[in-house]
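So you know, we letter chains A, B, ... as the sequences are listed, proteins then strands, and number each from 1.
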Amino acid sequence: MNAPTAPGLVALADCDNFYASCETVFRPDWRGKPLIVLGNNDGNIIARSAAAKSLGIPMGAPLHQVRAIIRERGVIVCSANFAFYGDMSRRVMEVLERYTPQLDIYSIDEAFLDLSPVATLPPIQRRAFAVEARATVARWTGIPLTMGVAPTKTLAKAAAERSKRDPALGGVCVLGETASARDDLLRALPVGEVWGIGPRRAALLTRHGITTAYDLAQADTRWVRRHLSVTGARVQLELRGIACLPLDATPERRKQLCVSRSFGRPVTTLDELSEAAALFTAHVAERCRAQRTIATRLTLFLTTNPFREWEPQHSASATIPLPSATADTLALLRAAASALRRIYRPGYSYHKLGVILGSFTPDTPRQGELFGDGALTPAAEEQREALMRTLDAINARFGRDMIRPLSAGVAQPWRMRQARRSPHYTTRWDELPETR
DNA sequence: TCTGGGGTCCTAGGACCC
DNA sequence: TCTGGGGTCCTAGGACCC
């Protein structure tokens, strides 16, 4: 396991329109066409192909706002298929891993590469290296990506941004040695597009006359520290070429896990909410076991639909400290049920429910329980763990929810809509692409 | 009719302790 | 008039990210 290191030279590999590109890989007839991917419940647009962007379809917009343009321009519409995207992501990352001693996977479609081995090469050769990595990913996976190469992560992000905006760069932007090249790039980057500067901070900065990344790099460091906290101060240093964000290739153990969904239709009864709570709890428990942790805290939250302003609103959450750290589905189901009883109020139309596990510790060695009231004996505990392992194995082999809590219900009328999901091309035998 | 899901880090403030 | 000082831990909420 490598400790995080301060990068001397780092590349950001950022997949282009990732979800839309995934959908196109096995449908070459869709290449170049306007295509959008909808989030769960087929609600919002969460990805757009280049052609869809150029039609002016906005990111994040609810589907019903763009119906007209979809019909008129024949836009292809897909429901999100996260199992498929996750598998394609794994393939892209495996290719990138061949090009670096340390791959820091930042999200499903982005990773930072430690390029210190090629840092001493002249810029032209560094560029050739990035160009080849990019071409190999495209050839082996079908996914196009953009590379930004620079001394810090934040500058690499800015370089990749530049590359996406300027097709003449051929998908790779290497931030040159000279300070003037860097300054030119930063002057052209609005401050709100700097990585780590969101809408709130951008508004504050603009009010103070700081409108570009260059302005932010030059601003008074004490002022930045005071108004943007340490995260903002780091952004500023990174823009100046001083690495503050380490490259971390250790496979992460999440600090919290969340499974939440909006319902396919409004839900009012405690019975239906209990079904959703049970199903989500089973899913989050499975993920907790998969990363080999046990949780000491379960939070359940519940909200009405904030867009239906004319209806009475209620949102609440309850956190249950678990008497002993666990990843046992049955123990977590009890905690979730008691949390739900605590926050449920009749008379509301609920829209979304979520279950969060947190405050993890590694699952071995197990911390013994100080006061054993009602706890399982060690032998019973071992049996329960074996049961969970069996359950996970069956679900992994025969499909998710093959075995699930009965309390999660059977008909599940509250389930989300997903009308246009593409096949699981790479993750289910019966949905493999065929050639004729 | 119809508005996503899953994360991270930081800070302020309260509870509690000596 | 005057109302310790300093520390830890925990949680909620804000801001940001993809």
Side-chain angles (χ1 to χ4, degrees), chain A residues 12-19 36-47 58-68 70 77-83 85-86 89 104-112 153-154 157 160-161 191-205 225-235 244-246 248 252-266 280 283-284 287-288 291 296-297 299 301 303-309 315-321 349 351-360 416-419:
Chain A
L12 172 69
D14 186 353
C15 297
D16 300 336
N17 317 321
F18 182 59
Y19 299 160
I36 58 174
V37 178
L38 303 177
N40 280 328
N41 241 350
D42 289 347
N44 305 55
I45 295 164
I46 60 168
M59 182 70 171
L63 179 62
H64 65 91
Q65 279 178 7
V66 293
R67 287 254 190 242
I70 284 171
V77 180
C78 302
S79 300
N81 185 345
F82 292 108
Y85 307 149
S89 170
D104 178 351
I105 298 172
Y106 176 69
S107 73
I108 194 165
D109 67 338
E110 278 175 66
F112 292 98
K153 283 183 164 182
T154 306
K157 268 277 196 186
E161 265 319 298
V191 75
E193 289 176 32
V194 173
W195 192 40
I197 304 298
R200 301 298 285 265
R201 287 173 173 174
L204 174 78
L205 289 166
R225 173 66 183 83
R226 196 167 56 231
H227 289 90
L228 304 185
S229 94
V230 304
T231 40
R234 277 188 206 132
V235 170
C244 304
L245 304 172
D248 188 359
E252 76 276 38
R253 235 172 218 173
R254 302 262 171 228
K255 296 176 178 172
Q256 85 181 23
L257 295 168
C258 170
V259 170
S260 72
R261 293 285 180 283
S262 6
F263 303 126
R265 58 153 172 76
F280 300 171
H283 287 172
V284 79
R287 288 173 56 200
C288 186
Q291 69 162 16
T296 59
R297 213 176 50 183
T299 300
F301 68 87
T303 67
T304 48
N305 189 342
F307 291 99
R308 300 176 76 87
E309 294 164 25
S315 71
S317 73
T319 298
I320 307 281
S349 287
H351 171 246
K352 181 175 185 173
L353 183 149
V355 180
I356 304 170
L357 297 184
S359 300
F360 296 126
M416 64 184 183
R417 296 175 298 271
Q418 233 185 356

Nearest heavy atoms of A:Arg254 and A:Phe360, plus distance in Å: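 In terms of heavy atoms, the two residues are closest at O-CD1, 3.2 Å.
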Contact interval (first through last nucleotide) of DNA chain C with protein chain A, 4.0 Å heavy-atom: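 First and last nucleotides in contact are C:dT11 to C:dC18.
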Counting the atoms with a prime plus P, OP1 and OP2 as sugar-phosphate, which does [X] contact under 4.0 Å by heavy atoms, base, sugar-phosphate, or nothing?
X: A:Val66; answer: nothing
X: A:Pro306; answer: nothing
X: A:Asp42; answer: nothing
X: A:Arg265; answer: nothing
X: A:Ile197; answer: sugar-phosphate
X: A:Gln256; answer: base
X: A:Leu257; answer: sugar-phosphate
X: A:Tyr106; answer: sugar-phosphate

Of A:Arg67 and A:Lys255, the one whose closest DNA chain B nucleotide lies more 5':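 Nearest nucleotide further toward 5': that of A:Arg67.
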Toward the 5' end of DNA chain B, by each residue's nearest nucleotide, A:Ser260 or A:Asn44: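 On the 5' side of the pair lies A:Asn44.
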A:Thr154 (side chain) donor-acceptor with A:Val235 (main chain) under 3.5 angstrom: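 Looks like no, no N/O pair under 3.5 Å.
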A:Asn44 side-chain N/O to A:Ile46 backbone N/O, donor-acceptor pair under 3.5 Å: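 Side chain of A:Asn44 to backbone of A:Ile46: no pair is present.
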Ring geometry between A:Tyr106 and A:Trp195 (parallel below 30°, tilted from 30 to 60°, perpendicular above 60°):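 Plane angle over 60°, so perpendicular.
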Distance-only donor-acceptor pairs under 3.5 Å for side chains of residues 226-234 of chain A, two or more places apart:
| from | atom 1 | to | atom 2 | distance (Å) |
| --- | --- | --- | --- | --- |
| A:His227 | ND1 | A:Trp223 | O | 3.1 |
| A:His227 | ND1 | A:Trp223 | NE1 | 3.3 |
| A:Ser229 | OG | A:Thr231 | N | 3.3 |
| A:Ser229 | OG | A:Thr231 | OG1 | 3.0 |
| A:Thr231 | OG1 | A:Arg201 | NH2 | 2.8 |

With A:Ser260 via side chain to side chain contact (heavy atoms under 4.5 Å, CB included) - residues at least two apart: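 In terms of side chain to side chain contact (heavy atoms under 4.5 Å, CB included), with neighbours along the sequence ignored, A:Ser260 is linked to A:Cys258, A:Phe301, A:Lys352.
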With A:Asp104 via salt bridge (charged side-chain N to carboxylate O under 4.0 Å, His left out) - residues at least two apart: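 Expected list: A:Lys153.
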Qualifying residues under salt bridge (charged side-chain N to carboxylate O under 4.0 Å, His left out), relative to A:Arg308, sequence neighbours excluded: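 Counting only residues at least two positions away or on another chain, A:Arg308 forms a salt bridge (charged side-chain N to carboxylate O under 4.0 Å, His left out) with A:Glu311.
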Secondary-structure string, 5' to 3', Watson-Crick or G-U under 3.5 Å, | for another-strand partners, for DNA chain C: ....||||||||||||||
Between A:Thr299 and A:Thr319, a side-chain donor and acceptor under 3.5 Å: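 Yes.
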